[in-house]
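What follows is one structure encoded as structure tokens, with my remarks underneath.
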Amino acid sequence: MKPDLLLLCPLFPATMTQLDAAYTVHRYYEADDKEAFVKGLADRVTATATAGHHGMSVELMRKFPKLKIVSCFGVGVDGIDVPAARQLGIAVTNTPDVLTECVADNALALVLATMRRTVFNDRFVRAGHWLKGNAPLADKVSGTSMGIIGLGRIGKAIAKRAEAFGMMIAYHSRNQQSGVTYRYYDKPLELARNVKVLVVACPGGKETENIVSSDVIAALGKDGYLVNVSRGTTIDEPALVDALANGRIAGAGLDVFVAEPKVPEALFKLDNVVLQPHVSSGTHWTRAAMGQLVVDNLAAYFAGKPLLTQV
Ligand code: NAP
């Protein structure tokens, strides 16, 4: 008999294949009658798999009194109340490290695409505008300054790449870090005042909601750029849209949005913004590695071994 596994949302296809091979997978998202579905499994299910964007509510956790593990596909667990899970005796695992490089790569892609107007220029050529004249000039990236909110695994990987561009790097997080030479600001506002491009790489959730406030956006100013690869919630989105539309900030590169996949339509007609559909970890290699960690954490749990990446 294969153990039972509750799957809350679809995952990377190869991961689903592995899960189906090892477990009797109960697909919550396919159940028409969720209540009956839960009732039928409540006293059997000890393990769940979900994704960062989907999470798992405390209400749903409570419906499975034997639940012991939530294995999350993604490093951001803002969709899961981890302290509440802990109190219920449920371990939460995530997929750190394996996605760091790709998220940092995409952050730099957004910095470059936004400041050098790469996407705008692509449209410029395709529309035949080049035949009528040259494209407007862009902003220099190399040798300018980058501020990073959240100098964790991803933030440090972004900094390393920016160093190769000769950028001056500064950061904000709750704690100043030993072992880095980058300038620390204990307030995001001060950081924004002193950099050309601000990159957000901290976790989402209540604590960082609107950490990039309208004041931070104003401090960045009409010559400043903002890049977000964290969560949509970290930015005051209406304030950003307004600032972009009215030229009070030079540009923004956004991979994440408050109500994704819904993106504020006002952004669609703006040339100073580059939009991505939350794909910073979206490469074949990284998604496969993330899925493997989901699988390995579940296997460790069922084998009674220590979990690999418990939050
Ligand atoms: P990490 O290693 O835990 O780093 C998080 C950093 O944020 C730490 O330096 C932490 O420093 C700082 N931080 C935490 N709370 C903060 C707060 N309230 N105010 C200011 N700084 C705060 O995490 P990671 O692996 O780098 O991942 C970071 C985030 O990236 C994830 O949580 C996720 O939301 C996002 N992400 C996005 C994608 C995507 O596809 N766009 C993919 C993967 C990850 P202190 O503890 O000193 O504050």
Side-chain angles (χ1 to χ4, degrees), residues 11-12 50-55 72-83 92-111 113 147-162 169-180 182-192 198-213 216 226-235 252-258 260-261 263 274-287 289-291 293-294 308-311:
L11 300 178
F12 182 65
T50 187
H53 65 268
H54 189 93
C72 179
F73 185 98
V75 69
V77 288
D78 43 303
I80 301 171
D81 186 336
V82 178
V92 177
T93 63
N94 64 349
T95 62
D97 299 316
V98 291
L99 45 64
T100 297
E101 301 285 307
C102 276
V103 179
D105 289 350
N106 203 43
L108 260 293
L110 283 171
V111 168
I148 300 172
I149 296 184
L151 194 74
R153 290 169 290 238
I154 293 169
K156 285 200 181 82
I158 293 168
K160 188 175 160 193
R161 284 154 177 74
I169 295 150
Y171 72 102
H172 163 77
S173 51
R174 290 167 302 183
N175 309 293
Q176 182 165 10
Q177 302 200 17
S178 55
V180 296
Y182 313 135
R183 179 155 185 191
Y184 174 70
Y185 289 92
D186 63 358
K187 304 244 177 335
L189 192 71
E190 281 306 309
L191 177 65
L198 184 64
V199 181
V200 193
C202 62
K206 276 272 159 271
E207 240 192 275
T208 56
E209 196 170 342
N210 291 350
I211 193 167
V212 180
S213 62
V216 170
L226 180 65
V227 164
N228 190 10
V229 292
S230 63
R231 287 288 185 263
T233 51
T234 57
I235 292 180
L254 307 172
D255 184 43
V256 285
F257 303 87
V258 174
E260 58 189 52
V263 174
V274 176
L275 306 171
Q276 295 281 289
H278 198 152
V279 289
S280 288
S281 71
T283 63
H284 298 292
W285 187 93
T286 289
R287 289 286 163 89
M290 290 164 70
L293 257 182
V294 169
L308 282 80
T309 48
Q310 184 167 356
V311 181

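Numbering of ligands and ligand atoms starts at 1, following listing order.
The ligand atoms of ligand 1 that sit less than 4.0 angstrom from a heavy atom of Ser173 are 11 (O), 20 (C), 21 (N), 45 (P), 47 (O), 48 (O). Residue contact check: Ser281 has heavy atoms under 4.0 Å from atoms 40 (O) of ligand 1. In the vicinity of Gly152, heavy-atom distances shorter than 4.0 Å reach the ligand 1 atoms 2 (O), 4 (O), 6 (C), 8 (C), 9 (O), 26 (O). Listed by number with element, the atoms of ligand 1 under 4.0 Å from a non-hydrogen atom of Leu151 are 9 (O). Close contacts between ligand 1 and Ser280 involve ligand atoms 39 (C), 40 (O), 41 (N) [criterion: under 4.0 Å to a heavy atom]. Within ligand 1, counting atoms from 1 as listed, the ones closer than 4.0 Å to a heavy atom of His172 are 20 (C).
For the residue pair Ser173 / Asn175, no side-chain donor-acceptor distance below 3.5 Å is found, with atom types taken as modelled.
At a 4.0 Å heavy-atom cut-off, ligand 1 does not touch Pro96 at all. For Ile211, every heavy-atom contact with ligand 1 shorter than 4.0 Å involves the side chain, none the backbone. In Arg231, the part holding a heavy atom less than 4.0 Å from any atom of ligand 1 is the side chain. Of all the heavy atoms of Asn175, the ones lying under 4.0 Å from any atom of ligand 1 are found in both the backbone and the side chain. Contact annotation for Val75 and ligand 1: only side-chain heavy atoms (C-beta onward) come within less than 4.0 Å of the ligand. Residue contacts with ligand 1, taken as heavy atom pairs separated by less than 4.0 Å, involve Pro203 via backbone and side-chain atoms alike.
Nearest protein heavy-atom neighbour of atom 28 (C) of ligand 1: Ala201 O, 3.3 Å. Nearest protein neighbour of atom 23 (O) of ligand 1, counting heavy atoms only, is Arg153 NH2, 3.5 Å. Residue, atom and distance of the protein heavy atom nearest to atom 46 (O) of ligand 1 are Arg174 NH2, 2.8 Å. What sits closest to atom 12 (C) of ligand 1 on the protein, heavy atoms only, is Gly150 CA, 3.8 Å. If you check which protein heavy atom lies closest to atom 42 (C) of ligand 1, you get Val103 CG2, 3.4 Å. Residue, atom and distance of the protein heavy atom nearest to atom 17 (C) of ligand 1 are Thr208 CG2, 3.5 Å. The closest protein non-hydrogen atom to atom 26 (O) of ligand 1 is Ile154 N, 2.8 Å. Protein heavy atom at the shortest distance from atom 38 (C) of ligand 1 is Val229 O, 3.7 Å.
With Val229 as the partner, the side-chain contact (heavy atoms from CB on, under 4.5 Å) test is satisfied by one option alone out of Leu254, Val200, Leu110: Leu110. Screening Val199, Val212, Thr208 for a side-chain contact (heavy atoms from CB on, under 4.5 Å) involving Ile149 leaves a single residue, Val212. For the side-chain contact (heavy atoms from CB on, under 4.5 Å) criterion with Leu198, the lone passing option out of Leu226, Val227, Asn228 is Leu226.
To the nearest 0.5 Å, atom NE2 of residue His54 and atom SG of residue Cys72 are 10.5 Å apart. Atom CG of Leu191 and atom CG of Asp186 lie 10.5 Å apart (nearest 0.5 Å). Separating the CG atom in Leu99 from the CE atom in Met290 is a distance of 5.0 Å, to the nearest 0.5 Å. The structure places OG1 of Thr50 at 12.5 Å from CG of Asn94, a figure rounded to the nearest 0.5 Å. For the atom pair NZ (Lys160) and OG1 (Thr100), the distance works out to 11.0 Å, reported to the nearest 0.5 Å.
Of all non-hydrogen atoms in Gly155 and Ile148, the two that sit nearest each other are O-CD1, 3.5 Å.
Annotation: Arg183, atom CZ; neighbour count of heavy atoms from other residues, nucleotides and ligands within 6.0 Å does not exceed 12.
Taking only nitrogen or oxygen atoms, main chain and side chain alike, Glu207 reaches within less than 3.5 Å of ligand 1. Close N/O approach between Leu99 and ligand 1 is not found [any backbone or side-chain N/O within under 3.5 Å].
With sequence neighbours left out, Tyr171 forms a ring pair (Phe, Tyr, Trp, His ring centres under 6.0 Å) with Tyr184.
The pair Glu260-Arg231 does not count as a salt bridge, with every side-chain nitrogen at least 4.0 angstrom from each carboxylate oxygen.
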